[in-house]
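Here the structure comes first, spelled out in structure tokens, and everything after it is commentary.
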Amino acid sequence: MLVGLLVGLPLGVTGVKAQIGGMTGQFTTQLPWTQIGVLILVILMAALLAAAVPVRNATHIQPAQGLTS
């Protein structure tokens with residue numbers, strides 16, 4: 001996720017600059033850092049919640065039983 005954010009933001013800004021910057025002659029970038037931070041937190045929480053159920057199920061079986069099925 002972090003790699004996608006680090007690669008995607010500059011590429012997106014460059015793409016928009018290439019499209020709009022040629023028409024206006026000027027282009028300024030102001031990224032909504034608060035929204036990006038909140039989005040990262042929501043994604044991390046969703047990932048933790050999605051991983052919680054399989055981890056909980058895995059801790060309730062015996063190792064030998066898990067290897068046979």
Using distance only, find each side-chain donor-acceptor pair of residues 33-43 under 3.5 Å and give its atom names and separation, not counting sequence neighbours.
none

Self-check item: Set of residues satisfying side-chain contact (heavy atoms from CB on, under 4.5 Å) with respect to V7, sequence neighbours excluded
Solution: V3, L11
Exercise. Please name the pair of heavy atoms, one in A58 and one in I61, separated by the smallest distance, quoted to 0.1 Å.
Key: O-CG1, 3.5 Å
